[in-house]
Amino acid sequence: MPQAEHIELQDPSGSVMADLQAGLATLGPKWGLKQLVDLEPEETRDDLGRLSAAALSIVAQAARGRAPVVPESEVEQGEIAAAQFLIRWRGEADPKHVTAVDTYWVSAAEHGLNASTFTARIAASTGADCAAAMSAAVGALSGPLHGGAPTRVLKMLDEVEETGDADAYVRDLLDRGERIMGFGHRVYRAEDPRARVLRRTARELGSPRVEVAENLERAAIEALREAHPDRPLETNVEFWAAVVLEIAQIPPPMYPAMFGCARVAGWSAHIIEQQRTGRLIRPSARYVGPPAHSLAEA
């Protein structure tokens, strides 16, 4: 990934996701980016690389708020993107925090045609510039059903830790008809392989949450298998992502933005692929409303 350049946030909104979406959208005209229909493949890759690095810079600075900007000479001391991100945000990069962020970003970098990726491809299919396609993807990611679940996982862990009984907690959730966040996936019918990586990372980095998380995970899987024997609902990436991001002391409201930082890689790949098709995405719809009336009936 290219070196992230300093992005001056004119008026931070207080919402990192809003600043990321708006910041990316304005980079197209600020940088004079060409529209995708006018770009060669190499130019598209260059624009997307520059925007991906900018996304990390925007999130770090939005999180920093109005605190003094860290000099770029200090940021460049970070050996990898996660280290530079943390230095730009906090002025330092704890090695454990770097490992946690880097592992999460790698795990969440790409995962097929989900809501935000499809949105990026729709925008790209119109021939818009890369900044517009990236900004559109961030808008789709801002909803709590796509990328926001880890925030709610921490709430469950807090409540299980308080009660000390994971089995009773899970039964109570199911009896009330509530969802157990971090379980089940639209694609996987077994354990999400990304969850295995993040679980191992949480153990290796010594998260104090591991024991309660493992107890909740066991209780949830047992209860869900009993309640839905024909519908596999195993651990997904969001459950252990919450634990790993907490190791890096990432505030829960920032979790969707951290997901966005990871997913710029996947969005970029799909934007490039969509450009190659040269086709506008135009879904069709089937009318299911009231039947047509004759003029006599009207």
Side-chain angles (χ1 to χ4, degrees), residues 1-10 16-62 72 75-76 78-85 88 102 104-142 146-147 256-284:
M1 179 179 288
Q3 174 69 38
E5 53 198 278
H6 173 66
I7 307 298
E8 188 67 40
L9 294 179
Q10 299 297 324
V16 178
M17 285 297 283
D19 288 343
L20 176 59
Q21 185 178 8
L24 285 173
T26 61
L27 291 180
K30 284 180 180 177
W31 289 352
L33 299 184
K34 295 180 183 178
Q35 295 184 318
L36 277 162
V37 292
D38 300 319
L39 288 177
E40 296 297 324
E42 295 78 10
E43 295 176 303
T44 302
R45 291 179 64 89
D46 289 344
D47 283 356
L48 289 168
R50 192 179 179 192
L51 287 164
S52 296
L56 273 59
S57 177
I58 291 170
V59 170
Q61 292 179 66
E72 288 301 302
V75 174
E76 292 171 5
E79 295 183 357
I80 62 175
Q84 292 180 1
F85 170 84
R88 179 173 277 112
D102 184 56
Y104 171 69
W105 279 354
V106 171
S107 298
E110 155 61 6
H111 204 247
L113 207 58
N114 46 72
S116 59
T117 300
F118 185 47
T119 303
R121 291 191 73 133
I122 291 172
S125 80
T126 71
D129 64 53
C130 293
M134 282 269 196
S135 178
V138 174
L141 184 65
S142 64
H146 180 40
M258 295 299 288
F259 186 36
C261 288
R263 193 49 63 86
V264 291
W267 294 338
S268 296
H270 282 269
I271 290 169
I272 290 171
E273 188 173 82
Q274 188 62 44
Q275 181 193 30
R276 289 173 181 162
T277 71
R279 294 178 62 84
L280 174 69
I281 294 175
R282 175 62 166 84
S284 60

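Residues take their numbers from the sequence shown, with the count starting at 1. Quick caveat, the model's predicted, so the values are computed rather than measured.
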Please list all pairs passing the salt bridge (Lys or Arg N to Asp or Glu O under 4.0 Å) test where one or both residues lie in residues 111-121, with sequence neighbours left out. Arg121-Glu273
For the residue pair Ile271 and Ala124, what are the closest heavy atoms and their distance? CG2-CB, 4.0 Å
Sequence neighbours excluded - salt bridge (Lys or Arg N to Asp or Glu O under 4.0 Å) pairs with any residue from residues 19-42: Lys34-Glu43
Who pairs with Phe259 by ring pair (Phe, Tyr, Trp, His ring centres under 6.0 Å), at least two apart in sequence or on another chain? His146
Heavy-atom pair of closest approach, residues Ala133 and Ala123: CA-CB, 3.7 Å
Mind checking the CZ-CD1 spacing from Phe85 to Ile80? Nearest 0.5 Å is all I need. 12.5 Å
Who passes side chain to side chain contact (heavy atoms under 4.5 Å, CB included) against Ala128, sequence neighbours left out? Thr126, Ala132
Ser125 meets the side chain to side chain donor-acceptor pair (under 3.5 Å) criterion, sequence neighbours left out, with none
Considering all heavy atoms of both residues, which atom of Gly28 and which atom of Ala131 are nearest to each other, and what is their separation? N-CB, 3.6 Å
Applied to residues 258-271, the salt bridge (Lys or Arg N to Asp or Glu O under 4.0 Å) test, sequence neighbours excluded, yields none
What pairs with Thr26 under side chain to side chain donor-acceptor pair (under 3.5 Å), at least two apart in sequence or on another chain? none
When you measure from the side chain of Gln21 to the backbone of Gly23, do you find a donor-acceptor pair of N or O atoms at a distance under 3.5 Å? no
By side chain to side chain contact (heavy atoms under 4.5 Å, CB included), Thr44 pairs with (sequence neighbours left out) Leu36, Leu39, Leu48, Cys130, Ile272, Gln275
Which residues satisfy the side chain to side chain contact (heavy atoms under 4.5 Å, CB included) test with Ala25, sequence neighbours excluded? Ser135
Listed by chain and number, what are the side chain to side chain contact (heavy atoms under 4.5 Å, CB included) partners of Ala265, not counting sequence neighbours? Ala109
Passes side chain to side chain contact (heavy atoms under 4.5 Å, CB included), Ser52 versus Met134? Steps please. CA-CA 9 Å; Ser52 296; Met134 282 269 196; 3.5 Å; yes
As an exercise, state the distance from SG of Cys261 to CG of Leu20, rounded to the nearest 0.5 Å. 6.5 Å
Distance col, row Leu280:CG vs Arg282:CZ, nearest 0.5 angstrom, shows 8.0 Å
To the closest 0.5 Å, what do you measure between CD (Glu110) and OG (Ser268)? 10.0 Å
Passes side chain to side chain contact (heavy atoms under 4.5 Å, CB included), Trp105 versus Leu56? Steps please. CA-CA 11 Å; Trp105 279 354; Leu56 273 59; 3.6 Å; yes
Assess whether side chain to side chain contact (heavy atoms under 4.5 Å, CB included) is satisfied between Leu51 and Leu27, documenting all intermediate values. CA-CA 8 Å; Leu51 287 164; Leu27 291 180; 4.0 Å; yes
Of the non-hydrogen atoms in Met17 and Pro256, which two are nearest, and what is the gap between them? SD-C, 3.7 Å
Roughly how far, to the nearest 0.5 Å, is OG1 of Thr117 from CD1 of Ile122? 11.0 Å
